[in-house]
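Counting starts at 1 for both ligands and their atoms, following the listed order.
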Amino acid sequence: MFKTLTIAGSDTSGGAGLQADLKTFQEFGVYGMNATTMIVAENPDTNWSHDIYPLALNVIEAQIETVLAGIGVDALKTGMLGSSEVIELVAKKLDHYKVKQVVIDPVMVCKGTDEVLQPEAARSIKELLAPRATVITPNVFEASQLSGISIKSVDDMKNAALKIHGLGAKNVLIKGGAKLGTAKAIDILYDGQEFFTFEAAKLDTDCTHGAGCTYSAAVTAGLAKGVALPAAVKQAKDFVLQGIKNGIPLNSYVGATCHAAHRLYSK
Ligand code: PXL
């Protein structure tokens, strides 16, 4: 059984964050573990705004030690880390334990909130995590922040991928998804030598909560199992598209990706 770890926030509503990661790991048949960085509670009294409760650094460190010192992993991913302090801790542990397959999902915002979590955390992701990434998986907003390029087209995505590769990430996967003004949902993978383009029809749904986390968790599971990156991205994209197509409306504010969709529904 291949082993995976997510270092991420807890999404109480269950679609994103470490819940998305663990559900995805389970669906891919890898053993999932987690180190929780913060708890996100969505507030029913204030239009589902996200309230963030960070955990103390020593609590996060103890969990990372449990897994990396006590058990070991075939691949890990990071999600919402929150502060520069936590990012520094994660960078230190990646080096100390020489983790071989590292997926950095540079989470800067939650859907439904426009606020970047912490501007200096974005800087730390760029300086400390990008250089340690086997693959970094920004969405368009995050890729714009990391590259300094305001992304409006597929060409912009490619230029941003080159810039982000220049930060030291071995591979860059920019999740254009439905956000760009293109006819299809397009993601770009750059491996330092060539670009791979992944296309899918855009879906008319609001049930996308957790899609980004799920996508990068699925890539992590693929890498843990020894799947080559382009193939791991392809199967991750198929998995997340099925999850979005069969998304679960939770209330008037949010609908979640369905992690079990690939085995419950035919498309
Ligand atoms: O989808 C981004 C995200 C990541 N991690 C956690 C979240 C969210 C969005 O709600 O709650 C913990």
Side-chain angles (χ1 to χ4, degrees), residues 4-25 32-56 59-60 63-64 76-83 86-87 90 103-118 121-122 124-125 129 136-146 173-179 185 187 203 205-220 236-237 239-241 243-244 247-259:
T4 52
L5 165 67
T6 176
I7 307 173
S10 164
D11 167 24
T12 303
S13 74
L18 69 88
Q19 287 80 0
D21 298 337
L22 292 177
K23 291 175 191 181
T24 301
F25 294 158
M33 297 173 275
N34 73 281
T36 309
T37 56
M38 68 182 72
I39 293 173
V40 176
E42 290 85 359
N43 193 329
D45 297 326
T46 53
N47 296 327
W48 215 242
S49 65
H50 292 50
D51 296 331
I52 290 171
Y53 302 91
L55 297 187
V59 178
I60 300 170
Q63 299 171 80
I64 295 174
L76 70 71
K77 68 158 283 190
T78 64
M80 198 185 279
L81 299 175
S83 69
V86 177
I87 292 165
V90 170
V103 178
I104 302 293
D105 189 11
V107 179
M108 295 180 189
V109 286
C110 288
K111 284 194 193 74
T113 53
D114 300 330
E115 205 180 319
V116 176
L117 279 182
Q118 294 201 8
S124 303
I125 291 176
L129 294 185
I136 188 164
T137 64
N139 60 24
V140 166
F141 174 81
E142 291 152 354
S144 296
Q145 296 287 315
L146 291 169
L173 172 63
I174 302 185
K175 303 172 288 191
K179 289 274 166 56
D187 305 337
L203 301 173
T205 171
D206 292 328
C207 292
T208 56
H209 179 64
C213 306
T214 300
Y215 196 166
S216 59
V219 170
T220 308
K237 190 167 169 79
F239 180 85
V240 76
L241 275 170
I244 295 171
I248 308 161
L250 297 179
N251 59 23
S252 58
Y253 301 108
V254 66
T257 307
C258 177
H259 302 92

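Comparing heavy-atom distances from atom 4 (C) of ligand 1 across C213, A256, G79 singles out C213 as nearest.
For the ligand labelled ligand 1, residue H209 lies inside the 4.0 Å heavy-atom shell.
A donor and an acceptor atom, one from each side chain of Y215 and D187, are located under 3.5 Å apart. For the 3.5 Å distance criterion, the side chains of S13 and D11 qualify, holding a donor opposite an acceptor. For the residue pair N43 / H50, no side-chain donor-acceptor distance below 3.5 Å is found, with atom types taken as modelled. The closest side-chain donor-acceptor pair between H259 and T214 falls under 3.5 angstrom. Checking N34 against T6 by side-chain atom types alone, no donor-acceptor pair falls below 3.5 Å.
Only the side chain of H50 comes within 4.0 Å of ligand 1, judged by heavy-atom distances.
Partner of V86 under the side chain to side chain contact (heavy atoms under 4.5 Å, CB included) criterion, chosen from L55, I7, T37: T37.
Checked by distance only, ligand 1 and S10 stay at 3.5 Å or farther apart across all their nitrogen or oxygen atoms.
The distance from ligand 1 to the heavy atoms of G9 drops below 4.0 Å at these ligand atoms: 12 (C). For ligand 1 and M80, the ligand atoms under 4.0 Å from any heavy atom of the residue are 3 (C), 4 (C), 5 (N), 6 (C), 7 (C), 8 (C). Each of the following atoms of ligand 1 lies closer than 4.0 Å to a heavy atom of V40: 11 (O), 12 (C).
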